[in-house]
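Remarks on the structure that follows.
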Protein chains: 2
Amino acid sequence: MFSGNGRSGVADAEILAGELQLEAIEKPAERAYQGIRHAILSGALPGGSHLPEEALAQMTGTSRTPVREALRRLVAEGLARADNRHRYVADFSYQELKIVFNIRARLESYASRIAAELITEAEIAELERIVERIDEIGDTADPAQVRLFADLNTRFHTTIVGATRSIQMQSLSAQAISLPLELIKQFVWEQRVNIARSNNQHRDIVAALRARDPEWAESAMSGHILSTRPRRKAVSLS
Amino acid sequence: MFSGNGRSGVADAEILAGELQLEAIEKPAERAYQGIRHAILSGALPGGSHLPEEALAQMTGTSRTPVREALRRLVAEGLARADNRHRYVADFSYQELKIVFNIRARLESYASRIAAELITEAEIAELERIVERIDEIGDTADPAQVRLFADLNTRFHTTIVGATRSIQMQSLSAQAISLPLELIKQFVWEQRVNIARSNNQHRDIVAALRARDPEWAESAMSGHILSTRPRRKAVSLS
DNA sequence: ATGGCGATATTTGTGTACAAACATCGCTCG
DNA sequence: CGAGCGATGTTTGTACACAAATATCGCCAT
């Protein structure tokens, strides 16, 4: 996944299945996608690893057909790259990560600007519920709690992006967000991203939306995302 | 493709093949992709049309496997959308188009900012060659010339985006750009987008890049893209 | 020893058969 | 006459067999 790691083959199928409770996922397509994605993000498949379809099919307990679909999705999301023939795990440099975060800041701040005019009361209420639930978590390093925070955080951002009513915005944001949001889990853990501070920023954003103030919303979101950008040292993993 | 059109079934295979010289495309995967894409952009498949795999396979003269791949690409690019079961031609509102252009402006202006620091002399020379060749076209409504302009224009923008050396930037831009760039062909035709003015803007952008001035480059690119945004009346088609 | 050539193995691409999910229509029964 | 239920058709999902492309290795000739 990240630069500077050695190469390795495909991870052991049983280990992966065990870690992920893959056996619980019914549909092969989803099974293949989640399985490969997890293997990449967890570092089981380091950056640059070759991704042969047959091996991945074995690994995820499906056949090549759903694996092919999964690989296409992953390439589209930027977690894998493809040359003429093969596919490999993407290899992110620090520079690349920085750019992705900046793009995300620009996209989501624009989304917030639009959302300030289009968001419904119900959606604002939803955002407030999310903020309250994050409050209950507080600062912690407990894995389960961190995962819960990551989920709520994702819902917060996708709710705002959804409020733009733009399919293209949702599609582009999803791509730009998927990687940063995964990384946040790592950062909260390793670097102690301040959950409380992050949630205070969430509160500001909700206030801006409630005030129907596009400039404020745009600015608040931009600051929020940029404040969670990784610092250099944090990007050695995994 | 656009709002307000009626529904229709899949276009006639022979007509499509004839228009596109599909028979010249060897590989089924590319054949299916180009064929469906063209059917969508040309309006043969209006916005909201259902996209059944078997029918598209017949239409493009391939089998369902490459069609499935093509559909996934098109969904990823935003030209088609998917619900739980089916896929349909995307339906763009004026609001959606406006957002896409604004996103593109934000993405590419950021790309220009980065490119100002990373672009090579060879790439700058390439941009200058493109500008010169567009100069030779001048303002015209000749379809072949318009197509040539569209190609050169695409190369101009992808060269700059490529100069960021960021895979993610290239991937996101490609998605945000594909639709606008297709539409430009229509606009040049229907609305007489001013090729000369557009190329003068290109010249400014190249000057900014040559001067290694990130702010200027960012600003020039932003203005360039926003100046080509469709006006409301132009979006009735197709 | 080295360069080129051909056999071989690996990987991806394509087509197709079959299964599953879902919607639709019509029938029967109340 | 209407509601519910089941049969039927349509569409997508999955697996697999085979074909094509490409890289690799070893052999032979120079």
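Just so it is clear: chains get the letters A, B, ... in the order the sequence lines come, proteins before strands, and each one is counted from 1.
With 3.5 Å as the limit, one finds no donor-acceptor pair spanning the side chains of Ser171(B) and Gln168(B). Neither side chain, Ser173(B) nor Glu108(B), offers a donor N or O lying under 3.5 Å from an acceptor on the other.
Rounded to whole Å, atom P of dG13(D) lies 18 Å from atom CZ of Arg31(A). The separation between Glu53(A) atom CD and dA21(D) atom P is 17 Å, rounded to whole Å. Rounded to an integer number of Å, the gap from Arg87(A) CZ to dT11(C) C1' is 10 Å. In this entry the distance linking NE2 of His50(A) with P of dA9(C) reads 18 Å, nearest Å. Distance CG (Asn84(B)) to P (dT12(D)): 13 Å, rounded to an integer number of Å. When the P atom of dT10(D) is taken as reference, atom CG of Leu51(B) falls 18 Å away, rounded to whole Å. One can place OH of Tyr33(A) at 19 Å from C1' of dG13(D), the figure rounded to the nearest angstrom.
Cation-pi geometry between Arg229(B) and Phe101(B) is not satisfied (NZ or CZ under 6.0 Å from the ring centre, within 45° of the ring normal).
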*Using a cut-off of 4.0 Å between protein heavy atoms and nucleotide atoms, how would you tag nucleotides 14-23 of chain C 5' to 3' with B, S and -?*
BBBB---BS-
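A distance-only check finds a donor-acceptor pair linking the side chain of His50(A) to the backbone of Arg87(A) [under 3.5 Å].
Across every non-hydrogen atom of Glu96(B) and Arg165(A), the tightest pair is OE1-O, 4.2 Å. Considering every non-hydrogen atom in both Leu51(B) and Ala80(B), the closest pair reads CD1-CB, 4.1 Å.
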